[in-house]
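The structure appears below as structure tokens.
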Amino acid sequence: MAAPGTTGDEGGRQPGPTENIDSILTEERRFEPPASFSAGAHVKSLAEYQALRDAAERDPVAFWAGLARDELHWHRPFTSAFDDSRAPYYAWFGDGLLNVSFNCLDRHLAKNADKTAILFEGEPGDTRRISYAELHRRVCRFANALKMRGIGLGDRVIIYMPMVPEAVVAMLACARIGAIHSVVFGGFSSGSLRNRIEDASARTVITADGGHRGGKVIELKAACDTALSEGCKSVETVFVLRRAGNHVRMQHGRDLWWDEAESNLADECEPVWVDGEHPLFLLYTSGSTGKPKGIQHASAGYLVVVAATMKWVFDIRDSDIFWCTADIGWVTGHSYVAYGPLACGATVLMYEGAPTVPDAGRFWSICARHHVTIFYTAPTAIRALMKLGESFPARYDLSSLRLLGTVGEPINPEAWMWFHRVIGHERCPIVDTWWQTETGAIMIAPLPGAITTKPGSCTRPLPGIDADIVDANGHSIADFAQGGELVIRKPWPSMLRAVWGDDRRYRDTYWGKFDGRCYIAGDTAHRDHDGYFWILGRSDDVLKVSGHRLGTMEIESALVAHPRVAEAAVVGKPDETKGESIFAFVVPRGARPTGDAAGTLSAELRAWVAQQIGPIAKPDHIRYADSLPKTRSGKIMRRLLRDIARGEAITQDTSTLENEEIVRQLQGEP
Ligand code: PRX
């Protein structure tokens, strides 16, 4: 029988929703919220959580509307909270007027002007504290610089920056004038940058000379120059922040140094009041095709849910030092480095560099020196640091920590327990948070003062989030031992609004399957007897490599663009540290290389993919064959390739293959 959530077709991706269930079902450890934590928490008990859920279930629109009124400053209150007349293009708070940067800055100034908004540490060790008053000034000044270059309402602005406070300044400056930003992760190459600039028809790029990462300078401006030399005709201005001091080329008339551009400009900039549905940002993410999609988020609905989840899930308090290690180029950085913490008037820590510079104690040293109270990171980082031993965290005083969190991929119970014991000293609750670029904010996670946790489970949906697990017909799965497709049954305010420039892709990908009745997340999951959710992995051709989301098709397209490659298929292979590694099967043009020639070509292809997409997409393993195994209808037999990549016995029928010898080649036999 085909596993739920799949087509049963050999060609479809199928991570095997049932295969992990046995191990999950045997996980019996439970961790109650510590009484001392619950006592001071925003949501103090299971009963309080349940009451919130019940209220949301009784009247979802009234529930979210109440939050929108409580959490945000409205220049003009909304009268219509929700509009489903154009489903699945849902609208929230559409006739209200607000400004997101006003909500993140101005409204805090009366009480918290001197409070630290951003606490920054660069990889070389430089530190800065930026108060809310200063952040406000800097955002206004830079917003004025954008305006001087003709940027205004609805214009797209690409941000390609290192993890420095100015990245947040740039985002908020766009929000201040109603421009739509699209942050591109600094680890992406010039090719990825160019694609995103062109898809968004951006008028401006904001970048830096370089950033510090892993002991090296990442040459962002140079990558930007390459992207712009290959197209990107819409770009009129490039702002360049001085960060790493590396030499860059400035093109007269187009390129401006950030400091010079804003030097004589005012510290005040009237916010542009936009309607609740005005697009706040685009963020490109990988899907099942070769082309990343621009996920479009709206202003008000997004901000309401990120602010609410800061309270529900992170239990944010005025005195917290909140550190989310995600890069600003991913949605986690948008929601829990920039918008969520600042909407709540919190102090957020930003770190520029790698976790292992100068050694594997860097994260713990930062926690100790800056008295971090809430620490939110990716399982892949935990696993990598766990491997390097307990002696690193043991050197630092981690007693300021009170809450830990994970995001981006399933966390294996062993890593969860290490995080709990070695970092949290068995004192800090752990929130395993499930969500996506598309959901805008956390959807399924424990409320740390209210919900008992189990290592490896993201536990229960948040209030107002109607998550479910369904079979191939869209029916809720009652059988606890069966996995299925993760869906969300009701619209929620922070959901994506569109795929930029591609309405059809929005409808087909997210609402296409069950007559548009629910949002399809693209994950498989399973629920236990307590109603806890356990995420099993993606149900589409998306990989999670070190928590980074990559499409197999994207990597395949990059490979086949190389002159030596005729055909390529990419699959994920489970990896102890990275979660998944990238395994590429390649049909070369000309003779199949073996021995040293194979090694040389593989090195060339890895470098090629790094140049086309970015170093994060480099295949970890490459195998060569004279052809790829296909079904009769011509689809690549991905399940077979996955089994081969894992080194598992082949259970599928390969008799239809024209040349069974191919399987032996794919298995790496000489
Ligand atoms: O597969 C799920 C996984 O990450 C995907 C979303 O990736 P992205 O849009 O890059 O956003 C990541 C940060 C929010 C999901 O479809 N994922 C995310 N969080 C978890 C997770 N898988 C298991 N457990 C999680 N807590």
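Just so you know, ligand 1 is whichever comes first in the structure, and atom 1 is the first atom listed for that ligand. Not measured: the values here are computed from a predicted model.
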Quiz item: So is there a nitrogen or oxygen of R549 less than 3.5 Å from a nitrogen or oxygen in ligand 1?
Solution: yes
Practice problem: Determine whether the side chain, the backbone, both or neither of Q436 has a heavy atom under 4.0 Å from any heavy atom of ligand 1. | Solution: both
Quiz item: Hey, would you say the W500 and Y506 ring centroids sit under 6.0 Å apart?
Solution: no
Quiz prompt | Protein contact of atom 13 (C) of ligand 1 - nearest heavy atom, named by residue and atom, plus distance | solution = T332 OG1, 3.3 Å
Practice problem: Determine whether the aromatic ring centres of W492 and Y519 lie less than 6.0 Å apart. | Solution: yes
Quiz item: If you measure from the Lys or Arg side-chain nitrogens to the Asp or Glu carboxylate oxygens, is any gap between D508 and K513 under 4.0 Å?
Solution: no
Quiz item: In the protein, what heavy atom is nearest to atom 8 (P) of ligand 1, and what distance, to one decimal place, separates them?
Solution: T437 OG1, 3.5 Å
Exercise. Flag the pair W416 / F31 as yes when their ring centroid distance falls below 6.0 Å, and as no otherwise.
Key: yes
Quiz item: Considering only protein heavy atoms, which is closest to atom 18 (C) of ligand 1, and at what distance to one decimal place?
Solution: W435 O, 3.3 Å
Quiz item: Does an N or O from K544, backbone or side chain, lie closer than 3.5 Å to an N or O of ligand 1?
Solution: yes
Exercise. Would you check if the distance from the ring center of W330 to the ring center of F185 is below 6.0 Å?
Key: yes
Self-check item: Polar contact flag for T433 and ligand 1 (N/O pairs, less than 3.5 Å)
Solution: yes
Quiz item: Quick one: which ligand 1 atoms are inside 4.0 Å of a heavy atom on V407?
Solution: 13 (C), 14 (C)
Kindly list each side-chain donor-acceptor pair under 3.5 angstrom involving residues 189-197, sequence neighbours excluded, with atom names and distances?
| from | atom 1 | to | atom 2 | distance (Å) |
| --- | --- | --- | --- | --- |
| S189 | OG | G191 | N | 3.3 |
| S189 | OG | Q611 | O | 2.8 |
| S189 | OG | Q612 | O | 3.1 |
| S189 | OG | I613 | N | 3.4 |
| S189 | OG | I613 | O | 3.2 |
| S192 | OG | I613 | O | 2.8 |
| R194 | NH1 | E230 | OE1 | 2.6 |
| N195 | ND2 | G191 | O | 3.4 |
| R196 | NH1 | S192 | O | 3.2 |

Quiz item: Tell me, which protein residue and heavy-atom name are nearest atom 2 (C) of ligand 1, and how many Å apart are they?
Solution: D523 OD2, 3.0 Å
Self-check item: ligand 1 contact on V542 by region, counting heavy-atom pairs under 4.0 Å
Solution: neither
Exercise. For atom 23 (C) of ligand 1, state which one of A441, P410, G287 supplies the nearest heavy atom.
Key: P410
Quiz item: Is the distance between the ring centroids of Y336 and F314 under 6.0 Å?
Solution: yes
Practice problem: Check whether any side-chain N or O of E277 sits under 3.5 Å from a backbone N or O of W92 as a donor-acceptor pair, and report yes or no. | Solution: yes
Quiz item: Does W330 have a heavy atom less than 4.0 Å from any atom of ligand 1?
Solution: no
Practice problem: Hey, could you give me each pair passing salt bridge (Lys or Arg N to Asp or Glu O under 4.0 Å) that has a residue in residues 439-459? Not counting sequence neighbours. | Solution: K454-D528, K454-D530
Practice problem: Compute the minimum heavy-atom distance from G408 to ligand 1 and say whether it is under 4.0 Å. | Solution: yes
Quiz item: Under 3.5 Å, side chain of H475 to main-chain N/O of V470, donor-acceptor pair present?
Solution: no
Practice problem: Please state whether C458 comes within less than 4.0 angstrom of ligand 1, counting heavy atoms only. | Solution: no
Quiz item: Among E438, H548, E409, whose heavy atom sits nearest atom 25 (C) of ligand 1?
Solution: E409
Quiz item: Looking at R538, which atoms of ligand 1 are within less than 4.0 Å of one of its heavy atoms?
Solution: 1 (O), 15 (C), 16 (O)
